[in-house]
Amino acid sequence: MAFEHYKTSRILVTGGAGFIGSHLCERLLAEGAEVVSVDNYFTGSRRNIAHLLQNPLFEAIRHDVTFPLYVEVDAIFNMACPASPIHYQRDPVQTTKTSVHGAINMLGLAKRLRARIFQASTSEVYGDPLIHPQTEDYWGNVNSIGIRSCYDEGKRCAETLFFDYWRQHGLPIKVARIFNTYGPRMQPDDGRVVSSFIVQALRGDPITVFGDGGQTRSFCYIDDLVEAITRLMLTDDSCTGPVNLGNSSEFTILELAEKVIKFTNSRSKLIFRPLPQDDPRQRQPDLSKAKAVLDWQPKVALDDGLKETITYFKRMLEVA
Ligand code: NAD
Ligand code: UDP
Ligand code: UDP
């Protein structure tokens with residue numbers, strides 16, 4: 001089925017009240033789509049979508065994707081899944097169920113509707129990678145029985161399901177492997193490094209660096225990610241992915257801490273904590289495929305994105 005623009009289309013966003021999902025809902029509404037958000041508010045928040053509720057083209061449904069869902073839509077963005085390590089490790093069985101049962105239900109829904117479906121996969125499918133930067137043809141180095149496995153293996157199985165529905169049922173699929181993304185509407189207490197460091201710096205609390213801080217991540221600002229996701233959904237049916245999405249500028253965690261302290265004018269000091277089990281040592285996306293397929297590349301530098309995010313958290317902490 002041709003799907004060339006969002007205007008007048010009805011789009012389902014699972015995890016629509018989450019960090020990425022809420023920005024995506026906002027963007028799709030701006031494109032003229034009708035948007036249905038489905039979320040069980042496990043890690044998302046109604047506050048993230050409160051400003052959209054007055055829009056007659058927006059609808060929010062409380063629902064857990066591990067249960068079947070019957071709605072009528074033209075396309076599905078499957079974003080539902082806790083994404084921060086402390087959240088996805090809180091109830092690891094539910095995390096795997098969300099990825100696997102959630103994917104089966106959303107793929108079943110897409111199959112009945114002949115709708116195209118996007119999967120928010122992750123750089124975690126590469127595990128603690130042995131090649132650097134990571135290209136999409138790398139199969140990964142993942143522990144199947146560790147504390148991160150509920151997330152990593154759940155997402156890997158979801159990718160398998162997407163590609164089997166594509167092969168077996170001819171379903172149009174779009175799989176993106178998203179690398180560390182940050183920005184406004186992250187939860188202040190979700191334990192992810194950007195939100196944690198900013199909140200600690202603004203409160204004058206110690207900045208908790210895990211390990212020696214020499215491990216690396218490559219941070220993508222939310223607006224760049226949403227642009228890439230919305231472009232990927234509009235590519236023709238032959239473009240299934242997986243496609244890496246993120247920003248290839250790589251920083252050590254210590255460098256990130258120094259930037260956050262500088263931009264917040266904080267007097268916080270660093271404290272070093274043990275490195276969590278299976279914490280990847282380095283991570284950087286190879287974005288060649290995304291650039292070729294989407295004619296896209298990230299535009300927001302870490303310094304600029306951090307300043308926007310700091311402004312958001314400052315306002316949030318003043319109100320709280
Ligand atoms: P988030 O926790 O803010 O959003 C996830 C949303 O899914 C939340 O609103 C949560 O309540 C909802 N949810 C969780 N389980 C659900 C269930 N069973 N049924 C219905 N809703 C459920 O996280 P995020 O950063 O916005 O991540 C969104 C998606 O992108 C996730 O699938 C995540 O794995 C993926 N991703 C994010 C990043 C990142 O850096 N932010 C990186 C890679 C992949
Ligand atoms: N499903 C759903 N909504 C639909 C259609 C299907 O939630 O509109 C669920 C359904 O509960 C099923 C899953 O999707 O468990 C997979 O559906 P599929 O048709 O692929 O498999 P089957 O129903 O044959 O097991
Ligand atoms: N990290 C840290 N201090 C924190 C939170 C995270 O040093 O308070 C480190 C963590 O060990 C990891 C990196 O920052 O090496 C990114 O962690 P995050 O949880 O944001 O994402 P992920 O590990 O899933 O990439």
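For ligands, and for the atoms within them, numbers begin at 1 and follow the listed sequence. A quick note: this is a predicted structure, and the numbers were derived from the prediction, not measured. Values below: every heavy atom of this structure, side chains too, minus hydrogens, waters and symmetry copies.
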Would you mind finding which of Gly15, Ser37, Ala120 brings a heavy atom closest to atom 35 (C) of ligand 1? Ala120
Is the closest heavy atom of Ser84 to ligand 3 under 4.0 Å? no
Suppose we measure from atom 8 (O) of ligand 2 to each protein heavy atom; which comes out shortest, and what is that distance? Arg112 NE, 2.6 Å
Decide whether the shortest distance between a heavy atom of Arg283 and an atom of ligand 3 is less than 4.0 Å. yes
Which of the numbered atoms in ligand 2 are below 4.0 angstrom from a heavy atom of Ile104? 13 (C), 14 (O), 16 (C)
Heavy-atom gap Gln94 to ligand 1 smaller than 4.0 Å: yes
Below 6.0 angstrom between ring centroids: does that apply to Tyr182 and Tyr221? yes
Which residue and heavy atom of the protein sit nearest atom 22 (P) of ligand 3, plus the separation: Arg148 NH2, 3.5 Å
Proximity flag Tyr151 to ligand 1, non-hydrogen atoms under 4.0 Å: yes
Contact check: Phe210 vs ligand 3, nitrogen or oxygen atoms, below 3.5 angstrom: yes
Counting only heavy atoms closer than 4.0 Å, does ligand 2 sit against the backbone of His169, its side chain, both, or neither? neither
Nearest-option assignment for atom 10 (C) of ligand 2, heavy atoms, candidates Val71, Leu107, Asn105: Asn105
Close approach, Arg192 and ligand 1, non-hydrogen under 4.0 angstrom: yes
Taking a cutoff of less than 4.0 Å between a non-hydrogen atom of the residue and any ligand atom, is Tyr165 in contact with ligand 2? yes
